[in-house]
Amino acid sequence: FTGQHHPGNRRGRRPEGKRPSGKQPEDTPRTSTQSSDASHRTIPRFIPPSRARSSREAAYLAVLAADRDQAFIADYLADWSLRKRPSSSEIGLATLVANVACREAASLDFAIEALAGAKDGRGGRRSVKLKGRQRAVLRTALAQYKYCTRMPLYAIVNHAVELAKEYGGGIAFASFTNALLRKLHPDPTSLDKKASEADNTRVHQGEIFVHRGADGDIRPLPMPEGNSEKALATRLSYPPFLVKTLVQEFGKSHAISIMKASNTFPPVMARSRIPEAKAPKLSGEAIEDKEEKGMGTEVHSALDLSPEMAASSLSDSLKRGKASWETVESLPMALHAPSPLPYTLGVVHSDVLLQLLTQNDGWYITNGTPAGLLARLAQGAAKRVLADSAAEASRDPVLQVLDVCAAPGGKGLAVWDILQVQGRRVSLVMNDVNEAKKARIAENLARFGLSQEVQLTVGDGASLSKKDVANQTDSFVGSVIEQNGFDIVVLDVPCSNAGVLGRRPEARWRLKDGVFLKELETTQFSLLKHAEEELLSKTNRHAEIWYLTCSVLWGEDEGMIEKACKELGLEVVVDAENEGRPLRMKVLPGEGLKGAFDGGFGCALRRKASSHM
Ligand SMILES: C[S@@+](CC[C@H](N)C(=O)[O-])C[C@H]1O[C@@H](n2cnc3c(N)ncnc32)[C@H](O)[C@@H]1O
């Protein structure tokens, strides 16, 4: 097997907004006459989700598509579930396996090397050379072994061997796969029980065992120990550049907490526009019945929890699996939202409930951190932003709001709801650079019954003019905007996603050096510059830009704000109603409810008072 591979080596970037292109020029469509084990057979570059015949094959193909930078795992699996209509536990299984195989690529590769145990002839270890599609077979199998402990080893091996034959190059690689995976101990769960009975600990779940024969010498594969950046990059599975950046910015101990938290899959949340709305009640039995007793719950518990937590609280998580809904009452500490959210936000623990809610127009799937950041920025905003205009104009002023990077619409919808309760009329325009994404926003507006209220535009936020907006909106709104610009410009900018790595397993591998970050920062700054120069109202000196990221990195967050203040004549808004605190908040992954919130950053900016003189 040739061509050594490190996670991220070949990963480039897919430009924002560009959907996977499907077949690439070098695609060779497979025909029924082609032998499935012919090692010379060319594997199509993009294999469509409809090809997957099982959830594990879907997981494998999603990992492959992400590795080849053709699709995000979530998009690929969403496409698969639309086409194939799998059951909720099949979706859960595919999601778990694909996420882990992608996220833990570096530590799984280390395990593959150790299991292969290839010697270099001088007493050292030779690295195994595998093609990307071969490595994906092994990573997918090891992900199942680590987290799907009720799945028998023989089933994992058989399936991996099938994939190896079909996609990995044929018989030779299939034999290699079989031999390598057979070195695993067949039943780590029984060892778990013995270990926990013996010394009252559960150390083994989530680790990979080697079966060393009849002498009883069975132990986990060793992982690099210690907290050197190199060891952390392998053990916690991050690109060395990202480890270094996090350690520089947060110090080692915080960086480790962030990396561990980002190795969990944050719980899915949903929100309803109605305060204190009640999600449909499901009994634990109903969930178990529908989610195929055992399997669904196990997958669910693993999705909810980090490997460490999963290891220590399996029985607890089984109980949690039965609680289908949990209203979120407390937001992460950094947010201190002074009043309750004007809508219901909750954690969805059950796939059955999730399906019910996604079919229900009143509910929207979201995550908690942006909702909290926005609640904080928007608290008292109408009063702040309309401070003078309200006094000057006899008419009831309308708050003109533009969401520049709006698709699929979560933050724009939250902004609408939060501002609505402040007793002002709001006119909201939601824009995105990507024409295709306009339909997604429209769909989400329809779910919330807001199709008539909110206007949609398409344009590049770094060059969109007020006239462009006016041309795409109704004539009344258009003329006001063309004349005055916007009172609030929301900039939820494209970013590295360094705060949501648990949700976006492929995002970390795009941060293998500083090049991508620099490009993002350039885009972010040009969006800020254009918002200040063109979109933000020049007649309202209290007009604000709300800058948001899903990142925790300084250059995209505080550093960007510093630059905007220095070069664009902006300043951070202070919240007079909240002890004059600057409206600039950061949430780190793992800080929130049950250690599960995503990371993110939000800041309100306005023109410096002196610039109005
Ligand atoms: C972080 S996502 C926005 C998420 C959205 N605000 C929400 O809460 O659902 C970034 C969005 O910005 C859009 N985008 C990227 N570059 C843009 C640009 N130059 N102008 C406008 N939109 C842009 C992308 O298409 C993507 O939908």
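Read the numbers this way: they start at 1 and go in the same order the structure lists the ligands and their atoms. This structure is a prediction, so every number in the text was calculated from the model and none was measured.
Each of the following atoms of ligand 1 lies closer than 4.0 Å to a heavy atom of V404: 21 (C), 22 (N). Residue-ligand proximity, G459 to ligand 1, at heavy-atom distances under 4.0 Å covers atoms 20 (N), 21 (C).
When N431, D432, T457 are checked for heavy-atom proximity to atom 13 (C) of ligand 1, D432 turns out nearest.
The shortest N or O to N or O distance between K411 and ligand 1 is below 3.5 Å. Not one N or O of D403 is nearer than 3.5 Å to an N or O of ligand 1, by distance alone.
Salt-bridge check for K586 with E558: passed, with a basic side-chain N closer than 4.0 Å to an acidic carboxylate O. K529 and E533 are joined by a salt bridge, as a carboxylate oxygen and a charged side-chain nitrogen come within less than 4.0 angstrom of each other. Ion pair R376/D575 flagged as a salt bridge, since at least one NZ, NE, NH1 or NH2 atom sits closer than 4.0 Å to an Asp/Glu carboxylate oxygen.
Heavy atoms of A406 found under 4.0 angstrom from ligand 1 belong exclusively to the backbone. Counting heavy atoms under 4.0 Å from ligand 1, residue T523 does not touch it at all.
Donor-acceptor pairing under 3.5 Å is lacking for the side chains of Q455 and T473.
With F72 as the aromatic partner, R504 meets the cation-pi criteria of under 6.0 angstrom to the ring centre and within 45 degrees of the ring axis.
Distance alone, capped at 3.5 Å, places no donor-acceptor pair between the E556 side chain and the C495 backbone.
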